Colleague: 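Dropping the structure in here first, questions after.
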Amino acid sequence: MDEDKKTERKRKRFAARLKSSKDITCTDTPGPNIVLCNAGQATGLEKDSVFKLISGNRLEIPLPKFIAEKGETHSFLVFGTIEDAVLFYNSCNGKAKADENGTPLYMNFVEKVPNTEIICPHANPEGLSILNNFITESEEQKFLQLFDWTPETSSLKNRQVKHYGYEFRYGSNDVDLTQPLIEKIPNECDILWERLKEHGFDVGVPDQLTVNKYSPGQGIPSHVDRHSPFGDSILSLSLGSDVVMDWKHHSGKYVPVVVPARSMLIMQNEARYDWQHGITPRTYDPVIAQHTGGQSARVITSDTVPRATRTSLTFRWTRRGACRCQYHTLCDSADKVTPDNLDNDLAANIEELHVHQVYEQIAGHFSSTRHKAWPRVAQFVARAPRGAVLLDLGCGNGKNILPRDDLVQLACERSASLLAECAAHTRAVAGADRVRLDLRLAALRDGVADLVLCIAVIHHFSTQARRLEAVSSIHRLLRSGGRALITVWAKDQTESNYLCHNKLNHAETETQVTVAGVNLPVHENRTQFKHQDLLVPWKLRKIKHDKLEHKPDTTLLRYYHVFEENELDQLCQQVGFHIEDTYYEEGNWCVECIKQ
């Protein structure tokens, strides 16, 4: 009886939170919709777990639709009838186990469930063709029996693999043409080239084959097969299971494509050269629907279908010499514009688009997440002698300005919107004032400050030269013997709280965005950094009635150059600073230095 009361209290508390956060009402009136209050994507619940509850309780009901939102500790079930939902509820509420510790699973009926469908407005990449039912079921079985998957077969982390003609090198997405293999493409594949001709694809006979065997839950990261070693066409024959293949363009376009079993996929033109493709590691794929209301659009629905074991045969034509394609963004033969060779105008353009304009838009939301100075920053300011002049360069919302009336504190910020947030935070601090300025071009006299703070600013400059100018400006503004505390985001986040444990084994499917002619990868939040120069998403939530809305309004991308160990030290030493202390704190490299 006590457990029943405890479950009831938890259900009611959860109902109040769900109503407040998502405007979804729990009800005592039975209906087809149920929320699992303490089991969801963030707790590791998967669709299989729900199905096991149904079979384990010998419930003769169809499988419900399962909706588990990313990062949430609850999930939803949608049954076909009220009777099925009631039977499941009575059998499992407070009785089934939510986790390995034996925590009871508790649930509520709800009036509605969230609409998690995602609209994908983009068409398939140009040059991508899928020929459904390209082979028969009996031919499929013959192909599956053709490859002998012994324990000695080469095995990658995400799949088993065999090579013919040449070994495909996954690290560089190419082959070594000086090392041909003894085993050539099996003769049984010859029927494919003739059949392709019948469909209008006279591509000839390939000389390289990679066979991948994927178990459910396995995938492959987004990639483009290197341009120069391979020809204009790439073929992929799918056996055993349908799969959703993710196509990502460096402009940010994303297209999920269903690749059915027994189909032949052909990549040419843009699909071959200008898009990355990959397969997300998961045991269930989303159902992709086509909505035609008004304008045709692809929709990633809330429903899912299980994957089975899938074998893919990828055929390529090898070639020598530089690639001459017109698609230079992902081409290994094209001259690349990178952050290492950016001219000053292009660098300024990147910072204007992905630093300055972004902070003008996110200032309110950003400020609501910054409440007080970091401990070491507060200690640095607290050590300031009476009468000292302190500059906070890149002050944000002014959280580092301390309530000390014996200092002259000047909060300096380029963003007008952040400076307005700073005014609200610092107006009551005697001796504190605000000024709008650009750190690189700070229009203040030399040697004006005794102390300088520059917290989380230098990593927003997009070239080494501009970062050096910013640190040089800090040095110029300090008097002789003045001290500075400078911090930047570290590339290595393993010793911080930034990393999400649920993403430690995350297989990143990388998107690139082209900005001012530079290809920049878009970082997956809460994962380890893979690159030094990248774009970090900010999921903007609007503020209404002094509260943040639950759902993001849009996603904006901020440019960062994340620092390797000692990289900030070298910048400081290059402009003449003497370093007193260097330390790593919560994912940041921090340097305390003195102007001699």
Side-chain angles (χ1 to χ4, degrees), residues 1-118 283-284 286-287 300-306 500 502 541 544-545 547-552:
M1 185 61 67
D2 288 342
E3 282 299 318
D4 291 343
K5 290 181 179 178
K6 183 178 179 181
T7 297
E8 188 64 22
R9 287 196 302 270
K10 288 185 175 181
R11 287 176 57 246
K12 288 182 177 179
R13 283 200 298 268
F14 174 82
R17 290 200 304 271
L18 191 64
K19 177 64 176 176
S20 173
S21 64
K22 293 185 176 291
D23 195 30
I24 293 177
T25 302
C26 296
T27 175
D28 291 330
T29 303
N33 307 321
I34 286 177
V35 59
L36 307 180
C37 305
N38 59 333
Q41 188 265 355
T43 68
L45 184 74
E46 296 184 350
K47 194 171 184 176
D48 274 343
S49 306
V50 178
F51 297 165
K52 287 176 182 177
L53 284 178
I54 292 174
S55 60
N57 284 277
R58 296 178 178 158
L59 305 179
E60 299 295 330
I61 57 176
L63 301 176
K65 185 178 182 180
F66 175 61
I67 301 174
E69 296 176 283
K70 187 175 181 179
E72 298 288 2
T73 57
H74 62 269
S75 54
F76 299 88
L77 303 177
V78 180
F79 291 85
T81 67
I82 296 175
E83 292 73 21
D84 291 345
V86 170
L87 183 57
F88 179 84
Y89 181 92
N90 291 337
S91 301
C92 300
N93 182 40
K95 302 168 187 174
K97 304 304 178 186
D99 54 37
E100 296 178 353
N101 298 325
T103 305
L105 177 67
Y106 56 97
M107 56 192 74
N108 282 316
F109 291 104
V110 290
E111 293 180 354
K112 64 178 182 179
V113 298
N115 179 10
T116 58
E117 292 186 345
I118 300 173
T283 54
Y284 284 81
V287 173
I300 305 175
T301 72
S302 303
D303 207 359
T304 56
V305 291
C500 175
N502 290 336
R541 290 191 286 162
K544 286 188 177 180
H545 309 300
K547 290 185 178 180
L548 284 174
E549 290 186 330
H550 180 73
K551 291 185 177 180

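Everything numeric here is computed off the predicted structure, so don't read it as measured data. Side-chain atoms are counted along with the backbone in the values below, which use heavy atoms only and exclude waters and symmetry mates.
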Colleague: Go through Glu111 and Asn33 one step at a time and tell me if the side-chain contact (heavy atoms from CB on, under 4.5 Å) criterion holds.
Modeller: CA-CA 7 Å; Glu111 293 180 354; Asn33 307 321; over 6 Å; no

Colleague: Given Phe109, which of Thr25, Val35, Val86 fulfils the side chain to side chain contact (heavy atoms under 4.5 Å, CB included) condition?
Modeller: Val86

Colleague: With rounding to the nearest 0.5 Å, note down the distance linking CE in Met107 to SG in Cys26.
Modeller: 12.0 Å

Colleague: Can you name the nearest heavy-atom pair linking Gly31 to Ala85, along with the distance?
Modeller: O-CB, 3.2 Å

Colleague: Let's go through Ile34 and Phe79 carefully: what are the C-alpha distance in whole Å and the side-chain angles of both, what is the deciding distance for side-chain contact (heavy atoms from CB on, under 4.5 Å) to 0.1 Å, and is it a yes or a no?
Modeller: CA-CA 8 Å; Ile34 286 177; Phe79 291 85; 3.9 Å; yes

Colleague: Atom CG in Leu105, atom NZ in Lys95: separation rounded to 0.5 Å?
Modeller: 12.0 Å

Colleague: So which heavy atom on Pro64 is nearest to which on Val50, and how close?
Modeller: CG-CG1, 4.3 Å

Colleague: Sequence neighbours excluded, which residues qualify as salt bridge (charged side-chain N to carboxylate O under 4.0 Å, His left out) partners of Lys47?
Modeller: Asp303

Colleague: Roughly how far, to the nearest 0.5 Å, is the OG1 atom of Thr73 from the CG atom of Leu45?
Modeller: 11.0 Å

Colleague: Do the side chains of Arg11 and Asn93 get nearer than 4.5 Å, heavy atoms only?
Modeller: yes

Colleague: Of all heavy-atom pairs between Pro104 and Gly94, which one has the smallest distance, and what is that distance?
Modeller: CB-O, 3.8 Å

Colleague: In Å and rounded to the nearest 0.5 Å, what is the CD1 to CG distance from Ile24 to Asn108?
Modeller: 11.5 Å

Colleague: So, for Thr43 and Asn38, which heavy atoms are closest and what is the spacing to 0.1 Å?
Modeller: CG2-O, 4.3 Å

Colleague: Ignoring hydrogens and angles, tell me if any N or O in the side chain of Asn57 forms a donor-acceptor pair with the backbone of Leu59 under 3.5 Å.
Modeller: no

Colleague: List the steps and the verdict of side-chain contact (heavy atoms from CB on, under 4.5 Å) for His74 and Lys22.
Modeller: CA-CA 12 Å; His74 62 269; Lys22 293 185 176 291; 3.7 Å; yes

Colleague: Are there over 12 heavy-atom neighbours, none belonging to Lys97, within less than 6.0 Å of that residue's NZ?
Modeller: yes

Colleague: Can you name the residues that form a salt bridge (charged side-chain N to carboxylate O under 4.0 Å, His left out) with Lys12, not counting sequence neighbours?
Modeller: none

Colleague: Which distance, rounded to the nearest 0.5 Å, do you find between the OG of Ser91 and the CD1 of Ile61?
Modeller: 7.5 Å

Colleague: Working to the nearest 0.5 Å, report the span between CZ of Phe76 and CD of Glu69.
Modeller: 6.0 Å

